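Please read all numbers here as calculations on a predicted model, not as lab measurements.
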Amino acid sequence: MKVTVVGAGAVGASCAEYIAIKNFAAEVVILDIKEGYAEGKAMDLMQCASLNGFDTKIVGSTNDYTKTANSDICVITSGIPRKPGMTREELIGINAGIVKSVSASLVEHSPNTIIIVVSNPMDTMTYLVHKTTDLPKHRIIGMGGALDSARFKYRLAEALEAPISDVDGMVIGGHSDKGMVPLTSHATRNSIKVSEFLSEERLEQVAADTKVGGATLTKLLGTSAWYAPGAAVSGLVQAIACDQKKIFPCSTLLDGEYGLSDLCIGVPVVLGRNGIERIVDVPLSAAEKEHMAESAEGVKKTNGLLEL
Ligand SMILES: NC(=O)c1ccc[n+]([C@@H]2O[C@H](COP(=O)([O-])OP(=O)(O)OC[C@H]3O[C@@H](n4cnc5c(N)ncnc54)[C@H](O)[C@@H]3O)[C@@H](O)[C@H]2O)c1
């Protein structure tokens, strides 16, 4: 299993580190446009190998795509992150050009790869990869919902005063402050609906805190977060690499599912060796359906800014 991570910045390096620590990949290539940067991160991470007990080989590359050749999975984290007060949508001007050229170079050297898009605005960047490469739709995956769901579970555990391992929940919809749809109607504490423990008001607060999860961290850190994004990507990579058939909410091209078409947006999918193996249809409450439709409108509006 060979994995390439483009962008050796905060998220890319965290992602490479978590993949290496989980010890399922033979090789991780980190590529960045900044001279020597990816090589430096790769060397630093390799010097963790004996300390953390992994055998994954980590290689750095300054924009040399021959080193990425025949990657099974490629992760795109290259591009600018938001600063406090910015929305993810505001990044489109710079990131669209980067994601378009990076995905073309990746596919040229790894025509059979599966691409995981992380750069923001992620749903629109995933759609851009669909429009500009000839990869089949099950091999283009946007990562946002896995992170948003982790943030949802964090907020649920906080409200329930319960350990996170007792809590389950999922966020679908667009990966944006307004577009996320935390599925409170499906969230459980050890298989009991969370609405048995929390008032409607408290659940609304949990959903609201989840939706601004990224913005809250950006305000505290001065840039966007990286540990949980890296961990979330590594979860998707592992599910594909190890053919786990696990369900994650991922951004994928819809063709009628959830009543939506011609956009990429977060829905539950089964991830295995072929990438997205199935889209899972879950029943939504009336309010969740309405939020999903509004979310899709927002994503389509951002897609309209792409110069295709
Ligand atoms: N989808 C998500 O859930 C999620 C979560 C966190 C961050 N993000 C996004 O991920 C992206 C990266 O965030 P970060 O905090 O790691 O930023 P960062 O600035 O730390 O790293 C980005 C890296 O990309 C590199 N880069 C720029 N253009 C490149 C190119 N053409 N080829 C190769 N490398 C190039 C830069 O040199 C830099 O090292 C941002 O767009 C951010 O908004 C998404």
Problem set entry | Whether over 12 other heavy atoms sit under 6.0 Å from Lys245 NZ | yes
Problem set entry | Heavy atoms of other groups near Lys300 NZ, more than 12 under 6.0 Å | yes
For this session: Measure the shortest side-chain to side-chain distance between Val267 and Met292 over non-hydrogen atoms and say whether it is less than 4.5 angstrom.
Result: yes
For this session: Indicate whether any N or O donor in one side chain lies under 3.5 Å from an N or O acceptor in the other, for Thr56 and Glu27.
Result: no
Exercise. Does the side chain of Asn120 come within less than 4.5 Å of His175's, by heavy atoms?
Worked result: yes
For this session: May I ask you to decide if Ile98's main-chain N or O and Ser101's side chain share a donor-acceptor pair within less than 3.5 Å?
Result: yes
N/O donor-acceptor pairs under 3.5 Å from side chains in residues 234-241, not counting sequence neighbours:
{"from": "Ser234", "atom 1": "OG", "to": "Lys22", "atom 2": "NZ", "distance (Å)": "2.9"}
{"from": "Ser234", "atom 1": "OG", "to": "Ala231", "atom 2": "O", "distance (Å)": "2.8"}

Exercise. Quick one: does Glu108's side chain have a donor or acceptor within less than 3.5 Å of a partner on Leu106's backbone?
Worked result: no
Exercise. Any sub-3.5 Å donor-acceptor pair from Ser103's side-chain atoms to Val129's backbone N or O?
Worked result: no
For this session: Would you name the heavy atoms of Thr126 and Ser251 that are closest together and state the gap between them?
Result: CG2-O, 4.0 Å
For this session: Indicate the atoms forming the closest heavy-atom contact of Gly174 with Ile265, along with that distance.
Result: N-CG1, 3.5 Å
Exercise. When you measure from the side chain of Thr133 to the backbone N and O of His130, does any donor-acceptor pair fall under 3.5 Å?
Worked result: no
Problem set entry | Pairwise side-chain contact, Leu156 with Leu203, heavy-atom cut-off 4.5 Å (strictly under) | yes
Exercise. In terms of heavy-atom contacts, does NZ of Lys137 have more than 12 from other residues, nucleotides or ligands at under 6.0 Å?
Worked result: yes
Exercise. What's the shortest heavy-atom distance between Ile58 and Ala20, and which atoms?
Worked result: CD1-CB, 3.8 Å
Exercise. Should the pair Asp134-Arg139 be classified as a salt bridge under the 4.0 Å nitrogen-to-oxygen rule?
Worked result: no
For this session: Tell me, yes or no, whether the heavy-atom count around Ile94 atom CD1, taken from other residues, nucleotides or ligands under 6.0 Å, exceeds 12.
Result: no
Problem set entry | Modelled atom types, side-chain donor and acceptor of Asn70 and Ser110, under 3.5 Å | no
For this session: Give the minimum heavy-atom separation between Leu260 and Ala296, together with the two atoms involved.
Result: CD2-CB, 3.6 Å
Exercise. Which value, rounded to the nearest 0.5 Å, describes the distance between Tyr127 atom OH and Thr132 atom OG1?
Worked result: 11.0 Å
For this session: Determine yes or no for a side-chain-to-main-chain donor-acceptor pair under 3.5 angstrom, with Tyr18 supplying the side chain and Pro229 the backbone.
Result: no
For this session: Taking the side chain as every heavy atom from C-beta outward, state whether Ile80 and Asn95 have any atom pair closer than 4.5 Å.
Result: yes
Exercise. Do Lys41 side-chain atoms and Ala8 backbone N/O form a donor-acceptor pair below 3.5 Å?
Worked result: yes
Problem set entry | Closest heavy-atom pair and its distance - Gly256, Ser261 | N-OG, 3.1 Å
Seminar exercise, completed: Those residues at least two apart in sequence (or on a different chain) that pass side chain to side chain donor-acceptor pair (under 3.5 Å) with Asp72 are Arg273
Exercise. Distance from Glu17 atom CD to Leu45 atom CG, nearest 0.5 Å?
Worked result: 5.5 Å
Exercise. Is there side-chain contact between Asp55 and Asn23, with heavy atoms separated by less than 4.5 Å?
Worked result: yes
Problem set entry | Side chain to side chain, Cys48 and Phe54, heavy atoms closer than 4.5 Å | yes
Problem set entry | Ser71 backbone acceptor or donor facing Thr113 side chain under 3.5 Å | yes
Exercise. Any side-chain heavy-atom pair from Val270 and Lys246 closer than 4.5 angstrom?
Worked result: no
For this session: Output yes when a side-chain donor or acceptor of Ser199 lies under 3.5 Å from a complementary backbone atom of Arg202, and no otherwise.
Result: yes
Exercise. How about Lys100: does its NZ atom have over 12 heavy atoms from other parts shown lying under 6.0 Å from it?
Worked result: no
Exercise. Side chains of Asn274 and Glu277: donor-acceptor distance under 3.5 Å anywhere?
Worked result: yes
Problem set entry | Derivation of the salt bridge (charged side-chain N to carboxylate O under 4.0 Å, His left out) call for Asp177 and Arg88 | CA-CA 8 Å; Asp177 297 356; Arg88 295 175 179 90; 2.9 Å; yes
Exercise. Under 3.5 Å, is there a donor-acceptor pair between the side chain of His138 and the main chain of Ile114?
Worked result: no
Problem set entry | Any Asp168 side-chain heavy atom under 4.5 Å of Lys153 side chain | yes
For this session: Would you check if there is a donor-acceptor pair between the side chains of Thr87 and Glu90 at a distance under 3.5 Å?
Result: yes
Problem set entry | Donor-acceptor under 3.5 Å (Lys193 side chain, Ser185 main chain) | yes
